[in-house]
2 protein chains.
Amino acid sequence: MSHETLDAAAGTLPAEAIDAIERAATSAHRHEELFSERAANIRQSAVRDVFDISMRPGLVSLAGGSPYLQSLPLDRLAATAAKIIAEDGLTALQYGSGQGSEELRTQICEVMAAEGITDALPQNVVITAGSQSAQDVATKVFCNPGDVVLVEDPTYVGALNTFEAYQVQVETVEMDDEGLVPEQLEARIAALQLAGKNIKFLYTIPNFNNPSGITLAAGRRQRIVDICRSANILVVEDNPYGLLRFSGEPLAPLRAANPDDVIYMGSFSKIFAPGLRIGWALVPEHLQRRYYLAAEAVTLCPPAFNQMLVSAYLRDYDWRGQIETYRGLYAERCAALLAALEEHMPPGTTWTRPEGGFFVWVTLPEGVDTYPLLRKAIDAGVVFIPGAAFTPSDDPSNKLRLAFSAVPPEAIAEGVRRLAPVLQQAIAAL
Amino acid sequence: MSHETLDAAAGTLPAEAIDAIERAATSAHRHEELFSERAANIRQSAVRDVFDISMRPGLVSLAGGSPYLQSLPLDRLAATAAKIIAEDGLTALQYGSGQGSEELRTQICEVMAAEGITDALPQNVVITAGSQSAQDVATKVFCNPGDVVLVEDPTYVGALNTFEAYQVQVETVEMDDEGLVPEQLEARIAALQLAGKNIKFLYTIPNFNNPSGITLAAGRRQRIVDICRSANILVVEDNPYGLLRFSGEPLAPLRAANPDDVIYMGSFSKIFAPGLRIGWALVPEHLQRRYYLAAEAVTLCPPAFNQMLVSAYLRDYDWRGQIETYRGLYAERCAALLAALEEHMPPGTTWTRPEGGFFVWVTLPEGVDTYPLLRKAIDAGVVFIPGAAFTPSDDPSNKLRLAFSAVPPEAIAEGVRRLAPVLQQAIAAL
């Protein structure tokens with residue numbers, strides 16, 4: 001607390017409270033030196049910054065990538081939850097296995113088979129607190145401070161936060177409309193290794209990348225793994241959206257044909273319910289043990305009830321049908337967003353056309369910084385995430401992310417109508 | 001995989017499988033160098049080692065510290081869970097705040113008030129995946145590799161695993177029947193600081209310590225905090241059992257009179273249900289922000305449904321009455337264990353007499369190593385945890401932990417009857 005604030009407060013506070021404030025200020029100073037080096041690197045996520053703002057009534061939030069849960073059979077799920085607690089409460093409310101229940105790990109293998117991973121074994125699956133925790137554990141197990149992780153540019157803000165927390169040096173690889181460019185990846189690895197850097201893994205979201213919406217072309221996938229294998233680098237494949245392709249069959253994950261070189265991360269957050277915080281990692285057999293022990297050291301075990309509810313959902317519900325519902329719903333919303341952008345965006349603006357997932361990535365003319373536009377957009381009644389959140393660079397960004405997953409088509413159109421003049425004004429001011 | 005195993009397998013496997021095994025063995029070798037330095041420090045917990053064994057029918061498990069959930073009102077909890085999902089499913093199954101819900105953080109302040117912390121503010125509470133995760137975050141935020149954490153000897157095995165995962169140097173402080181000895185703590189700190197060590201915090205379980213069952217005497221508590229404050233060391237107070245005192249009022253936590261110097265950790269695992277994985281940290285105001293951001297980087301947010309179920313339990317149920325039930329139940333089981341030890345333990349054996357919690361700590365004559373006795377005990381139909389698990393030292397330990405929480409009195413007596421000859425034989429062989 002600054003002296004100014006302290007002085008201002010002093011007029012209205014009893015002496016005892018002032019003592020408390022001064023004592024806390026002294027402690028703050030005293031304890032400052034106790035923080036770890038990594039603590040200084042842990043930042044507030046820009047996505048979380050606007051989380052509370054997004055909830056304000058009247059605002060159209062194109063910020064958060066929340067799934068649209070209204071289409072879930074809540075009454076039936078309520079009955080299932082009740083049955084689990086009434087009939088199996090002594091298991092559901094008790095400690096369980098650190099790796100996760102065998103039933104759910106077996107079912108997760110079926111879910112992965114629906115995307116093309118057909119050889120996964122339950123013993124190589126580790127259930128985690130969402131795939132955020134799976135990333136945290138992977139970074140913990142592989143990265144010393146100063147080690148390099150390669151990422152797409154742009155990439156998921158939560159992963160960047162994890163890497164920063166472990167003092168990892170994050171290096172970006174260029175993408176085009178078909179995702180990571182193999183030649184760029186090869187060149188980047190060569191340059192970094194020549195400079196003596198320890199590259200540990202490539203972190204990639206190959207399907208409907210968060211935030212860009214871009215998908216890694218099928219024809220590039222094996223080449224990306226081969227390049228990493230040759231350079232002795234692991235691939236960490238984060239695939240929460242893969243089953244949410246608007247049309248056609250899912251592309252085979254990088255993991256499918258490469259069981260020894262890819263740590264695959266999945267999640268029920270987008271295909272079922274994020275509030276249960278159940279994700280997983282499929283870990284190559286020779287890396288599984290250390291990965292599992294590290295996960296256990298963080299949370300002891302994943303919540304038993306939550307695993308049982310997901311298991312019941314996969315066993316007794318038409319989860320594939322629900323994914324079909326989601327696919328249709330998100331396809332419609334994406335189309336609404338693209339149509340609204342076509343209608344309202346000022347000249348000089350471009351955007352991606354995703355084949356699935358939750359996000360569209362908008363690029364403004366060079367020289368526009370989208371970060372200060374957020375405040376203006378909120379005043380105009382719409383929220384987005386500025387592009388700077390999704391890159392390790394500190395430079396201003398002329399990009400922004402729009403999420404279409406949680407908002408009905410009419411509201412999406414209204415949001416874009418509100419956003420357009422804010423962007424137009426910024427472009428005109430160049 | 002060794003060559004021997006590979007040769008043995010080769011006779012029965014098709015050529016394709018042999019290829020796969022050889023490929024994985026090559027990958028294992030190739031990827032070995034990718035592990036972080038900390039990964040080498042992550043060990044299997046001895047408690048988890050025997051977790052599966054403990055489940056075998058016919059065995060009496062005095063190993064795991066699981067709460068006895070049979071006394072919970074499961075039918076009513078089932079109805080509550082159903083109501084939450086049916087009426088508030090869109091919140092319960094969705095992403096939520098990274099810090100945890102305000103309702104639950106407010107209620108947690110009431111729970112802490114029941115133990116004597118009367119000035120806690122909801123904004124300084126961070127909800128975590130059990131208190132295991134709260135320890136993980138504290139270590140992440142404060143400890144660089146090589147920093148020192150002070151612990152009781154013995155102390156909680158899960159905390160030791162966390163500290164090892166962060167390459168912390170764990171130093172023990174001597175205890176007597178009244179807990180940490182202030183003079184020993186003072187001398188240990190002085191010696192370590194003289195040696196140039198960076199001590200970050202004292203980790204302590206002041207009530208019914210896991211595994212020793214020992215309680216830090218009321219008269220020593222302020223002195224312990226004062227010593228740490230003088231040395232500019234934080235106190236991390238882990239208090240999952242404090243409300244489970246068999247008789248009389250709970251002792252005031254170290255945090256109660258020391259809001260700026262103690263990070264306090266609580267849990268619903270022992271007073272409600274561990275399977276929900278809901279714990280918390282009450283963090284000094286000036287440390288709260290970095291702690292909270294680090295927690296968010298690990299799991300994004302705690303599970304919303306689980307928080308709502310705990311909130312409903314604290315709001316609509318007689319949670320204080322349930323704690324009374326637990327206190328009576330565990331007091332009875334503890335008495336049964338102490339009586340059985342009195343009756344069956346061989347001469348030369350001593351044990352603690354806890355005033356609450358889950359555990360009794362047994363000491364055998366010097367020279368007995370309890371680790372190899374575990375296998376013999378399992379053959380005799382009883383499981384315990386060897387003392388070596390609860391200390392950072394690699395020396396053999398003549399101690400063992402017995403948990404009375406999950407086992408009815410008759411079974412406890414039978415377990416001790418089975419254990420006694422195993423111990424007697426080991427003593428006779430000295």
Give, as side chain, backbone, both or neither, the part of [X] having an atom under 4.5 angstrom from any heavy atom of chain A.
X      : result
B:S131 : neither
B:I278 : neither
B:L72  : side chain
B:E32  : side chain
B:P284 : neither
B:A92  : backbone

When the 4.5 angstrom heavy-atom criterion is applied to A:T139 and chain B, the contacting part is backbone
Given heavy-atom pairs under 4.5 angstrom as the criterion, report whether the side chain, backbone, both or neither of A:N306 touches chain B.
side chain
Is there a donor-acceptor pair under 3.5 Å between the side chain of B:D75 and the backbone N or O of A:A86?
no
Keeping the roles fixed (side chain from A:Q94, backbone from B:S66), state whether a donor-acceptor pair exists under 3.5 Å.
no
Residue list, side-chain contact (heavy atoms from CB on, under 4.5 Å) with A:P73, at least two apart or on another chain:
A:R76, A:L77, A:Y317, A:Q322
Sequence neighbours excluded, which residues qualify as salt bridge (charged side-chain N to carboxylate O under 4.0 Å, His left out) partners of A:D261?
A:R229, B:R30
